[in-house]
K.L.:
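Got a structure for you, written out below as structure tokens; questions coming shortly.
Values in this document were obtained by computation on a predicted structure and should not be read as measured data. Naming: A, B, ... by sequence-line order, numbering from 1 per chain.
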Protein chains: 2
Amino acid sequence: MSGTSPDFTARLRAVGLRPTRQRVALARLLFEGEHRHVTAEGLHAEVRATRLPVSLATVYNALNQFRDAGLLREVVVAPGRSYFDTNTGHHHHFFVEPDGELHDFPSDKVTIAGLPTPPKGTRLSRVDVIVRVRR
Amino acid sequence: MSGTSPDFTARLRAVGLRPTRQRVALARLLFEGEHRHVTAEGLHAEVRATRLPVSLATVYNALNQFRDAGLLREVVVAPGRSYFDTNTGHHHHFFVEPDGELHDFPSDKVTIAGLPTPPKGTRLSRVDVIVRVRR
DNA sequence: AAGTTGTTTAGAACAGTTCTAAAAACTGAA
DNA sequence: TTCAGTTTTTAGAACTGTTCTAAACAACTT
């Protein structure tokens with residue numbers, strides 16, 4: 001137990017969210033280890049496995065709040081399902097098509113040149129690169 | 001009427017689809033003019049406006065068949081809604097965030113360098129670049 | 001401890017899409 | 001052309017992922 005033992009209570013408070021039992025449990029699952037990609041259903045199954053009863057609605061609420069607070073990033077790669085990525089830094093994605101697996105790759109080695117300028121009256125918000133692969 | 005007056009009946013037959021009244025009507029709407037992006041709901045509204053009654057299920061069926069036949073390409077940019085693009089060539093997309101507008105831009109001026117190699121056991125299928133912009 | 005406010009919950013509601021089984025339409029052969 | 005065989009369409013139900021609702025509950029303030 002050394003280094004940055006993460007205090008989820010404080011971290012939630014810092015973004016203006018009350019550290020409730022379920023939010024802390026979800027934050028622990030999401031932010032404790034390596035970066036990860038989750039769906040609402042998947043995270044719901046995980047948190048229930050910890051014997052803390054959390055409703056699916058709460059998982060959706062928390063994911064949306066965490067995203068709005070900048071703790072998560074939403075990734076849209078497949079129709080009809082949202083992924084949430086704990087890595088909020090600049091990076092892109094591999095998407096393994098049949099199974100829906102998602103992997104990060106850093107954007108710092110990737111250069112994109114020759115992008116056209118945004119349409120009139122708009123400003124750039126983000127550039128997503130999705131490398132779709134098949135088995 | 002000169003040049004390539006498009007014979008949708010033949011074009012559908014060429015990809016193994018019977019040229020039914022509703023498929024021909026949908027193909028006309030999709031492929032007659034400029035390239036376009038449609039949603040199932042939007043296309044359904046359009047075809048009904050031509051006074052030919054076509055069910056929403058048929059629009060979904062046709063869009064999926066056209067996509068499977070390589071006549072359309074599905075674009076996933078927003079959670080919970082699929083766009084279909086009549087442009088099946090290499091190109092990328094602008095996505096105007098609040099309104100859900102989608103615009104093509106050619107990929108021939110865009111260079112992407114430094115992409116990592118696909119994970120073991122997979123082969124590259126497609127690289128999507130989505131430039132998200134806001135008003 | 002009480003009051004205030006924010007959060008969670010189960011279940012209903014909703015949006016987009018797919019499925020079902022019966023009716024209708026296309027096709028090729030006679 | 002009519003016929004049989006097959007494919008397609010259809011209305012509506014079903015399904016999936018997500019959001020909403022209003023009541024119960026938990027967190028913060030005093």
K.L.:
Please give me the minimum heavy-atom distance between B:R36 and B:T86, naming the atom from each residue.
P.N.:
N-OG1, 2.7 Å

K.L.:
Choosing from D:dT9, C:dA25, C:dT9, which nucleotide comes nearest the side chain of B:R18?
P.N.:
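From the listed options, C:dA25 comes nearest.
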
K.L.:
Look at A:R135 together with A:E101 and state whether they make a salt bridge at an N to O cut-off of under 4.0 Å.
P.N.:
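The answer is yes: the pair qualifies as a salt bridge.
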
K.L.:
Counting only side-chain N and O atoms of B:N61, is one of them less than 4.0 Å from OP1 or OP2 of D:dT8?
P.N.:
no

K.L.:
How many whole angstroms separate atom CG of B:L56 from atom P of C:dT20?
P.N.:
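Computing the B:L56:CG to C:dT20:P distance gives 17 Å.
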
K.L.:
Looking only at side chains, do A:D128 and A:H93 share a donor and an acceptor under 3.5 Å apart?
P.N.:
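No, no side-chain donor-acceptor pair sits under 3.5 Å.
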
K.L.:
Rounded to whole Å, please give me the gap between CZ in A:R67 and C1' in D:dT19.
P.N.:
12 Å

K.L.:
Would you indicate what A:T20 reaches in the nucleic acid, counting non-hydrogen atoms under 4.0 angstrom: base, sugar-phosphate, or nothing?
P.N.:
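The residue A:T20 makes sugar-phosphate contact but no base contact.
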
K.L.:
Counting only N and O atoms by type, is there a donor-acceptor contact under 3.5 Å from the side chain of B:R48 to the main-chain atoms of B:L56?
P.N.:
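Flag not set: sc B:R48 to bb B:L56 has no pair under 3.5 Å.
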
K.L.:
Compare the minimum distances between each of C:dC19, D:dA27, C:dC26 and the side chain of B:A57, then state the nucleotide with the smallest one.
P.N.:
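Nucleotide nearest to B:A57's side chain: C:dC19.
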
K.L.:
Does B:R23 put a side-chain nitrogen or oxygen below 4.0 Å from OP1 or OP2 of D:dT7?
P.N.:
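No.
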
K.L.:
Could you tell me how far apart B:R21 (CZ) and D:dT7 (C1') are, to the nearest whole angstrom?
P.N.:
15 Å

K.L.:
Take the protein atom OH of A:Y60 and the nucleotide atom C1' of C:dT7, then report the distance between them rounded to whole Å.
P.N.:
19 Å

